[in-house]
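For reference, the structure is listed below as structure tokens.
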Amino acid sequence: EAAVTQSPRSKVAVTGGKVTLSCHQTNNHDYMYWYRQDTGHGLRLIHYSYVADSTEKGDIPDGYKASRPSQENFSLILELASLSQTAVYFCASSDWGTNSDYTFGSGTRLLVI
Amino acid sequence: TQTVSQSDAHVTVFEGDSVELRCNYSYGGSIYLSWYIQHHGHGLQFLLKYYSGNPVVQGVNGFEAEFSKSDSSFHLRKASVHWSDSAVYFCAVSAANNAGAKLTFGGGTRLTVRP
């Protein structure tokens, strides 16, 4: 079954440390996305990618980098983690085209202390 | 840019009741509209979507949504809810002229179904 798998499921990071969140999809989708969800709020787009070796900024890219080394894998990188980056992070994939629905991963709960 | 507003943060109903979760959007051009459901501790799952044609679209598990251009709305409805429908529901829009499928999400509505 097609899926989006995120790792780790949860992480505690120290302020100023580097954090890498990983995402792997088996949907053969062109597009991949990273969203963050803050408690009681909707999702906000951080970065996305429509092809390997290329990433695009979303609505809230500051403090985050992204990497798409292959069609299947998409990473989110926090070079210097900050308290404000405590959130749940969701990866998603979709096919090409604006009418394509998303397949989401189960999320990574990040706590920065 | 497109925006999405879900006016009700929380809705509580009893099992067997009907429910309507409201979604209003703001965008001047053609858009795609969709609803997603998020059960506690899980990622979002697709429910249904609309772009053109019949303004009433059917989704999984008895959900349907109706598009209204005049009201800029895409409300989600279910005639008879089950306790398992308790979840957070997100409305989302995507501008049709986007090269990709970037979705903008509303803040979500938490639906609680009491037995």
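What you see below is based on every heavy atom in this structure, not just the backbone, and it leaves out hydrogens, waters and symmetry mates. Lettering of chains follows the sequences in order, A, B, ..., and the numbering in each one begins at 1.
A pairwise comparison of heavy atoms in Q37(A) and F90(B) identifies NE2-CZ, 3.3 Å as the closest pair.
More than 12 heavy atoms of other residues, nucleotides or ligands lie within 6.0 Å of CZ in R77(B), so this atom counts as buried by the packing criterion. When the shell of 6.0 Å around CD of E66(B) is examined, it contains more than 12 heavy atoms from other residues, nucleotides or ligands.
For the set G106(B), S34(B), G43(B), the count of heavy-atom pairs under 4.5 angstrom toward chain A peaks at G43(B).
Y35(A) is listed as a side-chain neighbour of F105(B), based on a closest heavy-atom distance under 4.5 Å. A heavy-atom distance below 4.5 Å is found between the side chains of L44(B) and L43(A).
Linking Ile, Leu, Val, Met, Phe, Trp and Tyr residues whenever their side-chain heavy atoms come within less than 4.5 Å leaves Y89(A) and V88(B) in two separate clusters. When hydrophobic clusters are built by joining Ile, Leu, Val, Met, Phe, Trp and Tyr residues whose side-chain heavy atoms come closer than 4.5 Å, directly or via intermediates, L45(A) is not grouped with L21(A). In the hydrophobic cluster analysis, where Ile, Leu, Val, Met, Phe, Trp and Tyr join through side-chain heavy atoms closer than 4.5 angstrom, V60(B) is grouped together with I37(B). When the side chains of ILVMFWY residues are joined at heavy-atom separations under 4.5 Å, either directly or via intervening members, V4(B) and I46(A) end up in two distinct hydrophobic clusters.
Going from atom OH of Y36(B) over to atom CG of D101(A) covers 5.0 Å, rounded to the nearest 0.5 Å. The NE2 atom of H42(B) sits 10.0 Å away from the CZ atom of F90(A) when rounded to the nearest 0.5 Å.
Using a 4.5 Å cut-off between heavy atoms, Q6(B) does not touch chain A at all. Neither the backbone nor the side chain of Y50(A) comes within less than 4.5 Å of any heavy atom of chain B.
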